[in-house]
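Sequential numbering from 1 along the given sequence is applied to the chain's residues.
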Amino acid sequence: MNDLRVHPATEADLSTLVRLRDDAARWMLARGITGQWQPGELDESHFRRVMTHGEVWLAEAGGHVAGAWELWWEDEAAWGPQPPVAGYVHRLMVDRSTAPPGTGRRLLRSAEHRVAATGRTCVRLDCLAGNVPLTTYYRGAGYRVVGHKEGKPQPGGAPKSFTLLEKELGRLPEARPRNRSPTNPAN
């Protein structure tokens with residue numbers, strides 16, 4: 001899968017993002033991972049809103065959508081007020097019908113490169129407290145558990161408790177996403 005290409009999602013990608021999110025939710029539910037995501041929870045307006053205040057990235061491999069993720073430049077709901085040293089990855093999604101194994105890690109590395117390209121020094125993310133497989137996955141990718149957040153507000157749902165994870169960024173190999181400023185995505 002050397003041809004993985006990542007690019008900022010656009011308005012034309014909104015329905016694809018909703019499909020990816022719903023498919024990922026169904027995949028989790030089929031494996032007994034409940035409480036994290038539900039199909040139909042987010043619609044196009046969610047991703048449109050994130051594009052306004054953060055970034056949404058889409059990845060393609062072999063001419064097919066491989067996955068996507070959101071990148072925020074602050075996340076006070078989970079992390080409280082923080083100095084601008086981190087990027088916050090949300091909704092890492094893989095299209096399991098077309099993407100080869102290892103795609104999730106490659107998407108995560110692309111997000112890390114994007115954060116590093118802006119000069120920020122760490123990547124933060126969260127996952128549902130008690131979701132051991134997902135916590136284990138992120139720990140295997142170099143993230144460490146740094147805390148917990150009780151009662152984090154959710155888009156379209158009741159607050160939930162989350163495990164907070166962080167990865168310090170050292171020198172990273174070649175970055176894939178374009179170098180754009182978090183305050184001026186047009187750069």
In chain order, what residues pass the side chain to side chain contact (heavy atoms under 4.5 Å, CB included) check against A68, with sequence neighbours excluded? L17, L20, L58, M93
Please enumerate all residues that pass side chain to side chain donor-acceptor pair (under 3.5 Å) together with T121, with sequence neighbours excluded. none
With distance as the sole test, does D22 use its side chain to make a donor-acceptor pair with the main-chain N or O of G40 at under 3.5 Å? yes
What is the ring orientation for Y138 with Y143, classed by angle as parallel under 30°, tilted 30 to 60°, or perpendicular over 60°? perpendicular
Pairwise distance CH2(W37) to CG(L42) - rounded to 0.5 angstrom: 8.5 Å
For L128, the other hydrophobic cluster members (4.5 Å side-chain criterion, sorted by chain and number) are F162
Which distance, rounded to the nearest 0.5 Å, do you find between the NE2 of H90 and the CG of D126? 5.5 Å
Rounded to the nearest 0.5 Å, what separation is found between the CG atom of L71 and the CG atom of L92? 11.5 Å
I need the minimum non-hydrogen distance between G151 and S161, along with the two atoms involved. N-OG, 3.6 Å
I'd like to check the side chain to side chain contact (heavy atoms under 4.5 Å, CB included) partners of T10; sequence neighbours left out, ordered by chain and number. A12, D13
Say you draw a straight line from CD of Q38 to CE of M28; how long is it, rounded to the nearest 0.5 Å? 9.5 Å
Listing request: all salt bridge (Lys or Arg N to Asp or Glu O under 4.0 Å) pairs with a residue in residues 78-87, at least two apart in sequence or in separate chains. none
Count I, L, V, M, F, W, Y as connected when their side-chain heavy atoms are under 4.5 Å apart, and connections chain through other members. Are Y88 and V85 then in the same cluster? no
Would you indicate whether the side-chain heavy atoms of Q36 and C127 approach each other to under 4.5 Å? yes
Can you confirm whether T163 sits close enough to H148 that some side-chain heavy atom of one is under 4.5 Å from a side-chain heavy atom of the other? yes
Taking salt bridge (Lys or Arg N to Asp or Glu O under 4.0 Å) as the cut-off, I'd like each qualifying pair that reaches into residues 128-145, sequence neighbours left out, listed once. R144-E166
Do V94 and W27 have side chains that get closer than 4.5 Å, going by heavy atoms? no
For the pair T98 (side chain) and V65 (backbone), establish whether a donor and an acceptor sit closer than 3.5 Å, ignoring hydrogens and angles. yes
Tell me, please, which residues at least two apart from R48 pass side chain to side chain contact (heavy atoms under 4.5 Å, CB included). E11, L14, E44, S45
How many angstroms lie between atom OG1 of T103 and atom CG of L108, to the nearest 0.5 angstrom? 12.5 Å
Who are the side chain to side chain donor-acceptor pair (under 3.5 Å) partners of D95, not counting sequence neighbours? R19, S97
Pairwise salt bridge (Lys or Arg N to Asp or Glu O under 4.0 Å) hits with a residue in residues 74-86, at least two apart: D75-K152
Over all atoms of both residues, closest heavy-atom pair of A111 and W69: CB-NE1, 3.4 Å
R105: salt bridge (Lys or Arg N to Asp or Glu O under 4.0 Å) partners, not counting sequence neighbours: none
Taken to the nearest 0.5 Å, the spacing of L164 CG from R124 CZ works out to 9.5 Å
Nearest heavy-atom approach of W57 to H7 is CE3-C, 3.3 Å
How far apart are the closest heavy atoms of L4 and A61, and which atoms are they? CD1-CB, 4.2 Å
Testing the basics here: between G35 and K160, what is the closest heavy-atom pair and its distance to 0.1 Å? O-NZ, 2.6 Å
Taking side chain to side chain donor-acceptor pair (under 3.5 Å) as the test, write out the residues that go with R21, two or more places apart. E41
Taking atom CZ as the centre, does R5 end up with more than 12 heavy-atom neighbours from other residues, nucleotides or ligands that are less than 6.0 angstrom away? no
Looking at every non-hydrogen atom in both residues, tell me the closest pair between C122 and L169 and how far apart they are. CA-CG, 4.0 Å
Can you tell if the side chain of K149 reaches within under 4.5 Å of the side chain of W79, non-hydrogen atoms only? no
All side chain to side chain donor-acceptor pair (under 3.5 Å) counterparts of E70, not counting sequence neighbours: H46, W72, R91
